Amino acid sequence: MRMSKMLIPTLREVPAEAEINSHKLMLRAGLMRRIASGVYAYLPLGFRTFKKIEQIIREEMDRENAQELVMSALIPAESYKETGRWDIFGPEMFRLKDRGNRDFCLGPTHEEIFTQTVKSGVKSYKNLPMTLYQIQTKYRDERRPRFGVMRCREFVMKDAYSFDKDEAGLDESYQAMYRAYSKIFDRCKLDYTVVEADSGAMGGSGSQEFMVKSEIGEAQIAYCESCGYAANDEKAECLEPVFNNDKELLSMEEVKTPNVKTIEQLCEFFNCEATNFAKTLIYKADDVIIAAIVRGDRELNETKLQNYLGCNELEMADDETVYKVTNAKVGFAGPIGLSIKIVADLEVKGMVNFITGANNTGYHYNNVNIDRDTKNLEFVDIRTITLGDHCPKCKNEISIARGIEVGHIFKLGDKYTKALDCTYLDQNGRSQTMLMGCYGIGVGRTMASIIEQNNDESGIIWPMAVTPYQVIIIPINISNEIQASMAEQLYNSLQDEGIEVLFDDRKERPGVKFNDAELIGIPLRITVGKKASEGIVEYKIRKTGDMDEIDIKKVIARVKSDILAY
RNA sequence: CGGGAUGUAGCGCAGGUGGUAGCGCACAUGGUUUGGGACCAUGGGGCCGCAGGUUCGAGUCCUGUCAUCCCGACCA
């Protein structure tokens with residue numbers, strides 16, 4: 001393609017809207033533009049890469065015998081009402097009405113639609129297993145769209161759904177998707193980790209996330225260098241510590257602590273560390289009020305707590321409720337004398353002579369000891385893993401990193417098939433509920449992640465597999481006839497070989513062309529300059545910066561071998 | 001949804017105390033240049049986010065509103 005004819009609006013300066021590298025580069029390299037918050041258009045260069053990623057996904061999905069189709073994005077409410085998700089999605093779902101005042105939404109995810117489709121099309125065990133997928137636009141009215149295309153409100157997702165006769169079949173379908181995903185992200189040259197993820201209170205026997213390690217990732221993951229264990233922080237298990245309590249138990253006392261509520265204030269007041277406190281949080285779990293206790297410096301993990309309680313909804317109780325159950329204002333809750341269910345973190349079991357709220361506004365208890373002073377505590381792992389914790393598998397020190405979730409595979413079990421009565425007839429003619437899995441990849445997010453991991457001060461460094469063009473030809477001086485005609489010829493013959501080539505035939509100075517070529521990240525660059533008259537061109541590799549001069553006759557062979565070897 | 005910030009040319013920005021809206025880049029034309037974001041000359045481009053208000057007069061002050069970004073909360 002001739003650059004003089006293309007829409008590649010590169011920017012010299014970084015638009016104020018971007019904060020992270022990939023977002024800045026996508027804007028600067030002219031790959032995309034914002035239409036609204038969390039809504040983006042892909043420009044020609046960006047769209048080429050986008051399509052290449054889609055194609056990689058397609059090939060690997062097809063290889064595992066998944067079938068591509070496309071559902072509508074516009075979906076009638078009934079589909080979601082049957083599973084209850086019309087209400088569960090809440091304001092995150094884009095809703096609209098047709099002229100007859102019927103409810104519709106723009107699909108945020110398609111479990112219902114796929115299930116209905118399979119329900120009406122598949123009746124016999126002979127047709128199972130079956131995996132269907134689509135690459136399609138999704139709509140979610142996120143509270144906070146972020147980082148450009150990383151978290152947005154309109155985004156393209158490859159979503160796949162598997163349908164199986166039984167658990168063993170589901171396992172196989174799930175493993176097939178695991179293989180496909182690994183190949184997809186390998187081919188995209190992403191450095192990723194597969195982590196165990198929480199599969200929620202709603203059942204489902206397994207879930208893993210494909211995480212691209214990055215400081216800008218929104219998810220926190222815990223991993224073990226020695227045994228390879230990796231899980232996201234909602235899931236990562238905290239081991240029960242080994243307690244060695246040889247301290248003398250002091251007698252409990254009530255201390256007047258007016259206006260001392262937060263852990264920080266308490267540390268100052270008592271002149272001690274946050275580890276000396278047990279923090280008591282009051283939660284509302286499906287209308288039941290419960291208390292949860294973690295050490296003062298720890299973070300409660302709501303997912304773990306929710307899973308333990310088996311509730312559908314979990315939220316912090318409001319001030320009024322706290323007052324009602326603890327008989328004190330917020331900030332003075334504690335386990336002693338509470339008559340509600342109390343769930344304490346495993347670690348709390350070993351605390352001695354600690355400080356906690358007295359369930360009395362303005363008072364705390366000091367020197368509290370679990371066995372002596374409290375009763376009916378349930379000890380469960382409910383805190384979030386952190387540095388200093390140990391690997392639940394091999395007990396070595398755990399490491400913490402941030403990650404971008406680019407893919408998620410999930411065993412749903414019968415959650416949707418049961419609700420929508422999606423059944424098949426088995427060998428004996430008996431009706432059975434199908435088991436389902438769902439599998440997603442964010443295409444735009446994958447693209448941004450590739451850029452996040454492959455760039456330098458000059459711009460993007462595309463992996464060969466997803467680059468918008470493989471080669472760029474830069475004639476130094478387009479008005480020099482020798483250079484112009486050599487570049488033109490080279491352009492034609494590379495194209496004849498089926499190579500994707502950009503021809504910078506713009507009347508720009510060399511510096512501008514070089515900078516643009518590096519910014520947009522084309523892997524191979526051929527410069528036709530002074531030595532054109534001797535039949536020599538300059539050849540540069542973006543990734544390594546390696547540069548040499550080669551004979552024009554050898555260029556095509558060199559390009560071909562570099563494309564393969566890149 | 002809570003906190004913070006910002007809206008002035010395509011992009012980046014400047015415009016004390018109210019008085020005819022500016023700079024750099026980009027763009028157009030002509031010329032000189034041509035191996036790392038050239039130079040000279042000329043030129044086009046603005047509902048100063050929007051709506052009210054105060055004032056003889058508002059980019060500037062007041063009120064409201066919308067949009068965008070960041071932090072947090074939340075999140076199949």
Side-chain angles (χ1 to χ4, degrees), chain A residues 7 9-20 23-24 27-28 30 33-40 80 83-85 88-93 107-112 138-148 151-153 155 157 159 161 197-202 204 207 209 216 218-219 232 234 299-300 302-303 306 313-316 405 407-410 412 415-416 436-442 457-459 474-480 483-484 504 506-519 525-532 536-538 540 545 547 549:
Chain A
L7 176 64
T10 57
L11 301 174
R12 195 175 294 206
E13 290 179 274
V14 184
E17 72 188 60
E19 197 74 14
I20 62 164
H23 189 190
K24 287 178 187 170
L27 292 170
R28 282 194 57 214
R33 285 291 180 269
R34 194 189 76 227
I35 303 297
S37 175
V39 181
Y40 291 85
Y80 292 98
T83 55
R85 292 213 291 181
I88 289 170
F89 267 112
E92 198 169 304
M93 195 183 234
T109 174
H110 285 198
E111 281 80 8
E112 283 84 350
K138 299 280 182 276
Y139 297 87
R140 294 181 194 177
D141 197 357
E142 294 279 351
R143 261 172 229 234
R144 178 137 117 89
R146 251 213 279 210
F147 299 150
R151 178 171 216 77
C152 42
R153 301 193 292 170
F155 61 100
M157 183 191 227
D159 49 324
Y161 306 87
D198 176 64
S199 45
M202 298 300 280
S207 165
E209 290 166 345
I216 61 109
E218 296 184 90
N232 80 11
E234 290 183 345
E299 201 176 310
L300 181 102
E302 293 188 358
T303 306
Q306 184 170 0
E313 274 182 57
L314 182 72
E315 55 176 358
M316 294 272 276
E405 181 189 340
H408 195 170
I409 55 179
F410 203 114
L412 288 169
K415 181 176 173 186
Y416 294 94
M436 199 175 163
C438 71
Y439 318 90
I441 292 179
E457 332 61 67
S458 310
I474 298 181
I476 290 295
N477 186 349
I478 199 87
S479 46
N480 173 308
Q483 291 181 23
D504 197 346
R506 296 176 300 170
K507 287 196 177 71
E508 290 288 351
R509 293 172 59 84
V512 174
K513 296 187 182 184
F514 289 146
N515 280 308
D516 273 348
E518 275 157 27
L519 177 59
R525 185 182 89 187
I526 299 165
T527 308
V528 180
K530 282 195 287 273
K531 294 195 176 167
I536 290 184
V537 296
E538 180 195 278
K540 187 175 183 187
M547 187 151 72
E549 293 184 335

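Model, not experiment: these values are computed from the prediction. Below, read A as the first sequence line, B as the second, and so on, with proteins coming before strands; counting in each chain starts at 1.
The side chain of Arg509(A) contributes no N or O atom lying less than 4.0 Å from OP1 or OP2 of G35(B). Listed pair Arg146(A) / C71(B) meets the phosphate criterion, a side-chain N or O lying under 4.0 Å from OP1 or OP2. Note on Arg143(A): every side-chain N or O is 4.0 Å or more away from OP1 and OP2 of A73(B). Ser37(A) has a side-chain polar atom (N or O) that falls below the 4.0 Å cut-off from OP1 or OP2 of C69(B). Dashed line: the shortest gap from a side-chain N or O of Arg144(A) to OP1 or OP2 of C71(B) is under 4.0 Å.
Taking atom P in both A21(B) and G45(B), one finds a spacing of 15 Å when rounded to whole Å. Comparing the P positions of A14(B) and G24(B) gives a spacing of 16 Å, expressed to the nearest Å. Nucleotides U60(B) and C48(B) are separated by 10 Å at their P atoms, to the nearest Å. To the nearest whole angstrom, the two P atoms, one in A58(B) and one in G2(B), are 34 Å apart. Of the P atoms belonging to C47(B) and G59(B), the separation is 13 Å, rounded to the nearest Å. Taking the C1' atoms as reference points, G35(B) lies 23 Å from G31(B), given to the whole Å. Comparing the C1' positions of C40(B) and U33(B) gives a spacing of 11 Å, expressed to the nearest Å. Across A76(B) and U8(B), the matching C1' atoms stand 42 Å from one another, rounded to whole Å.
Under the 4.5 Å side-chain criterion, counting only non-hydrogen atoms from C-beta, His23(A) is in contact with Glu17(A). Counting heavy atoms from C-beta on, the side chains of Asp516(A) and Arg506(A) come closer than 4.5 Å.
Nucleic acid contact for Arg506(A): none, since no nucleic acid atom lies under 4.0 Å from a heavy atom of the residue. Backbone-only contact: Ala16(A) has heavy atoms under 4.0 Å from sugar-phosphate atoms and none from a base. Note on Lys530(A): a base of the nucleic acid sits closer than 4.0 angstrom, heavy atoms only.
The distance from atom CZ of Arg28(A) to atom P of G37(B) is 14 Å, rounded to the nearest whole Å. Regarding Glu234(A), its CD atom lies at a distance of 14 Å from the C1' atom of A73(B), rounded to whole Å. Nucleotide G36(B) holds its P atom 13 Å from the CG atom of Asn477(A), rounded to whole Å. Between the CD1 atom of Ile526(A) and the P atom of G35(B) there is a distance of 20 Å, rounded to whole Å. G35(B) atom P lies 18 Å from atom CD1 of Ile536(A), rounded to whole Å. Look at CD on Glu142(A): it is 15 Å from C1' on G72(B), rounded to the nearest Å. Between Asn515(A) atom CG and A38(B) atom P the separation is 9 Å, expressed in whole Å. Regarding Arg153(A), its CZ atom lies at a distance of 14 Å from the C1' atom of C69(B), rounded to whole Å.
The nucleotide C61(B) finds its pairing partner in G53(B), both defining distances of the Watson-Crick or G-U wobble pair being shorter than 3.5 Å. Under the Watson-Crick or G-U wobble criterion, with both distances below 3.5 Å, C69(B) is paired with G4(B). Base pairing analysis places C75(B) opposite nothing; no Watson-Crick or G-U wobble pair with both distances below 3.5 Å involves it. With a cut-off of 3.5 Å on both Watson-Crick or G-U wobble distances, the partner of G30(B) is given as C40(B). U17(B) is unpaired under the criterion used here, namely a Watson-Crick or G-U wobble arrangement in which both key atom distances are under 3.5 Å. Using Watson-Crick or G-U wobble geometry with both donor-acceptor distances under 3.5 Å, G24(B) finds its partner in C11(B).
Of the candidates U34(B), G36(B), C69(B), the closest approach to any side-chain atom of Phe514(A) belongs to G36(B). Of the candidate nucleotides C11(B), G36(B), C75(B), C75(B) has the atom nearest to the side chain of Arg151(A). Nearest to the side chain of Asp516(A), among G37(B), U34(B), U68(B), sits G37(B). Residue Phe147(A) places its side chain closer to C70(B) than to any other of C70(B), G37(B), C27(B). Side chain of Ala36(A), nearest nucleotide from U68(B), C69(B), C74(B): U68(B). Among the nucleotides A26(B), C11(B), A76(B), the one closest to any side-chain atom of Phe89(A) is A76(B). Closest to the side chain of Glu92(A), from the set C13(B), G35(B), C75(B), is C75(B).
Judged purely by atom type and a 3.5 angstrom limit, Arg33(A) has no side-chain atom pairing as donor or acceptor with the backbone of Tyr40(A). Between the Arg140(A) side chain and the Pro108(A) main chain, a donor and an acceptor come within less than 3.5 Å of each other. Not one N or O on the side chain of Lys530(A) forms a donor-acceptor pair closer than 3.5 Å with the backbone of Ile476(A). A donor-acceptor pair under 3.5 Å is formed between the side chain of Gln483(A) and the backbone N or O of Asn477(A).
Residue-to-nucleotide proximity on RNA chain B shows that, of Met157(A) and Lys540(A), the 5′-proximal contact is made by Lys540(A). Heavy-atom distances to RNA chain B give each of His408(A) and Glu19(A) a nearest nucleotide, and the one nearer the 5′ end belongs to Glu19(A).
With respect to Arg525(A) and Glu518(A), a salt bridge is recorded, a charged nitrogen being found less than 4.0 Å from a carboxylate O.
Taking only distance into account, the side chain of Glu518(A) meets the base of G36(B) through a donor-acceptor pair shorter than 3.5 Å. Evaluation of atom-type donor-acceptor distances gives no pair under 3.5 Å for the side chain of Arg85(A) against the base of A76(B).
Between the side chains of Tyr161(A) and Asp159(A), at least one donor N or O sits under 3.5 Å from an acceptor N or O.
A 6.0 Å sphere centred on CD of Glu299(A) holds no more than 12 heavy atoms belonging to other residues, nucleotides or ligands.
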